[in-house]
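These values consider heavy atoms only, across backbone and side chains, with no hydrogens, waters or symmetry-generated copies.
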Amino acid sequence: MASKITEVDLSFLSKEDKEENEFGSLTSQDYRYKTVARNGKALPDPIEDNPPYYVLIITYLNYLILIIVGHIKDFLGVTFRPHLYKDLLEKDGLAPWYSKFESFYIRRLKQKIDDCFAIPTCGVPGRLITCIDRDSHDYNSRFTYPGTTSTCLNLSSYNYLGFAQSEGACTEAALKSVDDYGVGTGGPRNTIGTTDLHLKVEKTIAKFIGNEDAILVSMGYATNASLFSSLLDKKCLIISDELNHTSIRTGVRLSGASVKPFSHNNMHKLEALLKEQISQGQPRSHRPWKKIVVAVEGLYSMEGTMVNLPKLLELKKKYKFYLFVDEAHSIGAIGPRGRGVCDYFGIDPNDVDILMGTFTKSFGAAGGYISGSQQLIDRLRLDLNAQNYSESIPAPVLAQIYTSTKIIMGEINPGEGAERLERIAFNSRYLRLGLQRLGFIVFGVDDSPVIPLMLYTPSKLPAFSRMLYKRKIAVVVVGYPATPLPSARVRLCVSASLKKEDIDYLLKHLSEVGDKLFLKFSSGVAGGTLDGTKPRWNVDDVIRETPRDCKDPRFFVATALEEKQKL
Amino acid sequence: MATNITVPEALANSARQVSIYFHKFVELIELIPGGAIIIRYIKSSHKDDPFRTVLELALFIFAIRYFTTKRYESKKKGQIKLSEREINELVEEWEPEPLVLPVKDQERWKLEKIDIITKPGYDSHINTTKFPNLINLASLNFLNLSHHPKIISEAKRIISQNGVGACGPPNFYGNQDIHINLEQSICEFFKVDGCVLYGQDFATAQSVLPSFLKRGDYVLVDSKCNLSIQKALLLSRATVTYFNHNDTEHLENILTEFQDEVFKYEKSGEISRKFIITEGLFANSGDLPNLPKLIELKKRFKFRLFIDESLSIGVLGKSGRGLTEHYSIPITDVDIIMGSLSNALNGTGGFCIGDKVMSYHQRIGSLAYCFSASLPAYVTKVASTTLNLIDQEKNSQGESKIVKLLQDNIKFIYNKFVKDSKLLEFIEIQSSPESSILQFQLSKSIRNVFEFDKIKYTGINSEIGIRNKKGQSDKFIEKYNEEEQILQKIVDNCKENGVLITKSTFSLAQEALNIIPTLKICINKDLTHDELNKSFEILKKSILLELDQ
């Protein structure tokens, strides 16, 4: 039993197997769906399904027991066996790295299920992902590695368009760039880190999104973290969706601007807040705000919900704020041409002031971009601290970004980009409708490739993850503090690289696990049925009917209601 | 005389009814576990002092009212009451400032002067779109291993095995065997217990420090620290005190003061976390801190020490292990060290090393680690290969051959500059003799002639500081622009003669500490003495041409 991981040798795979493991071949032309743009139409109000009350009571009870037992153990442990708790106690006059209270949640709740997180992997995180098996000891305080691996169906990586590959045009381009430019970068963009490749990629990205110019940053998180300091100061206001990503919150805090949150995607509350803030001005002095920025995400990665862009632009016209949209998860994955939420809603991207996105997800690369007007980008080139202090993106990553963007645009390997876009749209809709019909509660909009399946009770997190791992399916389970306390969930990230048969397999196993863990408690209001009964389909029926039905908006409740209202 | 008072029948009835209901209610409460005790308490207290019952009832009602109304009132506090019509008028009236100010004509040169590299050469030469084959004195890649055949072949092998991106954060299937291997090799290289990787070096300190510094903790920071550390402190909410740059005496005074006035009164078991923060090789000036003294102070005053070694790893110490090796101090004496994978180690990203407990906490508490995707796999392989290369060619004294080459070059060019008294009339060297980035600013007399010393650009009571305080959007400073232009002319002149050097670049409006622009000469190990000689002559000529008038 090794206590350390050595590099896993995967060279025994034949080229064909490797290709198929990374990106499954399309088995029938029926398994494609072209997303319909909404032509400026706003989203209908979301319908949220609530679990029965006893589920919520069990959930709270579950936390209560964990917390009480944890505190009793802490008390007894510190009193009687202090040598085991020395990390929590003062040592040689130095305070502990973290306090007992700060780390309570981690020690008493998270560590118990640590075997579900940070599972080491190897090879390409494509359609299948190879996980390195590990044995847990002493309640996950250490792991050993028996040296075996499990190849699992991958519903965990943000590989929306399936560009996580080690074969094909992108990889060839990346390999060539290593020869041409080397591996390092040499320094920040404004001193020596700008190559002609950077400019070429920036132009391509700007063209892809439909803006005047774009700027690249070497890390997605840092893009947001450094952006707002260059735009805002303490006399500015930022209104931020309460579920915005940590990177946005970090960036906003660094800028020193005032922050007001509004409830997730709630446009009425946003309007009320805007009215109040514009009329009242800055606190105490009541001087008008210099500028107001509204920050939202295109696709919320934990909820699967989408920003209501048309409605937001309506408000923007009236209230004259600047709009920032983080497209980290939506760029590439959403819209008939894969160009993000603007494309999906059929809106001119120049109506949005700042579009930000990352290359980690749909493009299979790393880093982030900001795109917008020439005036904005010129200013950022001088002032953005990522330009002045941090390393630029290295050439192989640029080559990957460039080639994958060109593929999506249909300029390299025509037809391949369209296939990827249509496959992710089909896969997302198929899995979503399938889960709804089986009786699971899932959140989000119809076309979202992120499908959160609700578990609620924290003890179901490890059970679900372990059971699926045994069935060779890799999923991400998330609970508090990444989600609100009662709504622990599993997040399924659909990829274009999955085959229809993979989703059949997934549905079969999810259905079984769902029965065992008592997860099918949807009431049907948010989808799955058309007659208002509780959807509890048989899994064989789901697999037979859904691939056809999922292309029909009638079967998705929110859209169906919208259609009805139109008539 | 007694008189019979007849109570109206209806009133008596209703009173009876109320009393029946009241008794039923009391009985109901008694059914609840513990209810009987409460009832007994209320009864006896009422018997002893009826007024108390009234008082407690009033208190109870007040408490309910207080808790139900508090939120509403605090929210609206300080707001002016406006009618719907007034609000609409105000909304219509309000005109925001532009999102960003357009780049002014006077500063547009900065955009145009950004060099565009077309082909980084295999030796220490580099090509830009305007000038071919420049001697490279600009790259932070000090060991110049970016084109080493071993590194190229490893990078290619990993790209064709793992692809480029990792497609997920480390906690969610983004942690590949290669990432874990790099963490292990960094641990072995530095002989520490824990290592955590980050996606960008600038984001590393910004994320590590706030995960350990909360409200009520104390930090003492060198007043020349880089922007990343300044940002980290903004996020941390700790009590921040700056000590004069590399002035351990000043630091000691502050420490003593704190000891006498604050720390003495801390109860055992409730002490705060305390950090001293400095850099291994200062990004803004290129000098080293006095580590032995810092270690002594930190031990004496029970502080922890954080060092940003982004630039010093691979440069300082006989085998490139940074500041601690340079001073022959055990690395475990420093509590947190952060380094960059992007400078000497050829990749992108950063890392943070220290003991096991600290590293474990970062994996949950450090935001840029938890909420950001892992590095591309090939980058981590390149970094671990570089570490191997550094160690491969060690001699019997433990000196790494390639690091030695770099250090010889540094010494060579530094001596040229220090010995040239003519040149030193115009420039003032900021960096230490060991620094791989030779930094110098315009000399005091020159800055006086141009009146650059009349104005403080950033820091306390500076031009930017005042504008930030007032909330002015325009951050353009005429004098700063002028000074930068002079440096740029020297850079341009060097380029025309075949040498690429750089000058400092700042996001001026965000810098909270005092800065003065500098010229930077970055040394790498593959420069020959001939090239260095030639570069020196060209640089000298350019400086004299620009300033000797």
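Looking at B/Ile364, only its side chain comes within 4.5 Å of chain A, counting heavy atoms on both sides. There is no contact between A/Ser247 and chain B, counting heavy-atom distances below 4.5 Å. Residue contact with chain B, scored on non-hydrogen atoms closer than 4.5 Å, is absent for A/Leu274. Both the backbone and the side chain of A/Leu254 come within less than 4.5 Å of a heavy atom in chain B. Of the atoms belonging to A/Val475, it is backbone heavy atoms, and not side-chain ones, that fall under 4.5 Å from chain B. Heavy atoms closer than 4.5 Å to chain A are found in both the backbone and the side chain of B/Gln200. Using a 4.5 Å cut-off between heavy atoms, A/His245 contacts chain B through its side chain alone, with no backbone atom that close. The parts of A/Arg379 that come within reach of chain B are both its backbone and its side chain, each placing non-hydrogen atoms under 4.5 angstrom from that chain. Using a 4.5 Å cut-off between heavy atoms, A/Ser392 contacts chain B through its backbone alone, with no side-chain atom that close. In this structure, the portions of B/Ile87 lying under 4.5 Å from any heavy atom of chain A include both its backbone and its side chain. Looking at B/Gln184, only its side chain comes within 4.5 Å of chain A, counting heavy atoms on both sides. There is no contact between B/Asn524 and chain A, counting heavy-atom distances below 4.5 Å. Looking at A/Cys131, only its side chain comes within 4.5 Å of chain B, counting heavy atoms on both sides. With a threshold of 4.5 angstrom between heavy atoms, B/Leu235 approaches chain A through its backbone and through its side chain. In this structure, chain A has a heavy atom under 4.5 Å from the side chain of B/Asn181, while its backbone stays farther away. If you measure heavy-atom distances from B/Arg157 to chain A, the contacts under 4.5 Å come from the side chain alone. For chain A, the nearby part of B/Leu82 is the side chain; its heavy atoms alone come within less than 4.5 Å. The contact between B/Gln206 and chain A is made entirely by side chain atoms (from C-beta outward), counting heavy-atom distances below 4.5 Å. Of the atoms belonging to B/Val357, heavy atoms from both backbone and side chain fall under 4.5 Å from chain A. Contacts between B/Ala166 and chain A at a heavy-atom distance below 4.5 Å involve the backbone alone (N, CA, C, O). Both the backbone and the side chain of A/Tyr181 come within less than 4.5 Å of a heavy atom of chain B. Heavy-atom distances place the backbone of B/Pro170, and not its side chain, under 4.5 Å from chain A. Only the side chain of B/Ile178 comes within contact range of chain A, judged by heavy atoms closer than 4.5 Å.
Counted within 6.0 Å of NZ on B/Lys110, heavy atoms from surrounding residues, nucleotides or ligands total more than 12; the atom is thus considered enclosed. Atom CD of B/Glu92 is surrounded by 12 or fewer heavy atoms from other residues, nucleotides or ligands within 6.0 Å.
Chosen from B/Asp335, B/Thr348, B/Leu234, the residue pairing most often with chain A at heavy-atom distances under 4.5 Å is B/Thr348. Ranked by non-hydrogen atom pairs under 4.5 Å with chain A, the options B/Ile117, B/Val100, B/Leu90, B/Asn343 are led by B/Ile117.
Between B/Glu107 and B/Lys104, no side-chain nitrogen of the basic residue sits less than 4.0 Å from a carboxylate oxygen of the acidic one, so the salt-bridge criterion is not met. We find that A/Asp378 and B/Arg108 are joined by a salt bridge, their nearest charged nitrogen and carboxylate oxygen being less than 4.0 Å apart. Using a 4.0 Å cut-off between a side-chain N of Lys or Arg and a carboxylate O of Asp or Glu, A/Lys275 and B/Glu84 qualify as a salt bridge. A salt bridge does not link B/Lys475 to B/Glu511: none of the charged nitrogens lies less than 4.0 Å from a carboxylate oxygen. A salt bridge links B/Lys381 with A/Glu7: the closest approach of a Lys/Arg side-chain nitrogen to an acidic carboxylate oxygen falls below 4.0 angstrom.
Taking each heavy atom of A/Val178 and A/Pro396 in turn, the nearest pair found is CG2-CG, 3.7 Å.
Aromatic ring centres of A/Phe163 and A/Phe363: separated by at least 6.0 Å.
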Notebook entry, point to check: Is there a side-chain hydrogen bond (donor to acceptor under 3.5 Å, both in side chains) between A/Gln277 and A/Trp289 once you walk through the steps?
Noted result: CA-CA 8 Å; A/Gln277 287 302 323; A/Trp289 294 106; 3.2 Å; yes

Checklist line | Trace of the side chain to side chain contact (heavy atoms under 4.5 Å, CB included) decision for A/Leu376 with B/Leu99 | finding: CA-CA 8 Å; A/Leu376 171 75; B/Leu99 183 59; 3.9 Å; yes

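The cationic atom of B/Lys302 (NZ for Lys, CZ for Arg) does not lie both less than 6.0 Å from the six-membered ring centre of B/Phe263 and within 45° of the ring axis.
Under a 3.5 Å cut-off, the side chain of B/Ser228 and the backbone N or O of B/Phe202 do form a donor-acceptor pair.
Counting only N and O atoms by type, the side chains of B/Ser473 and A/Lys290 include a donor and acceptor under 3.5 Å apart.
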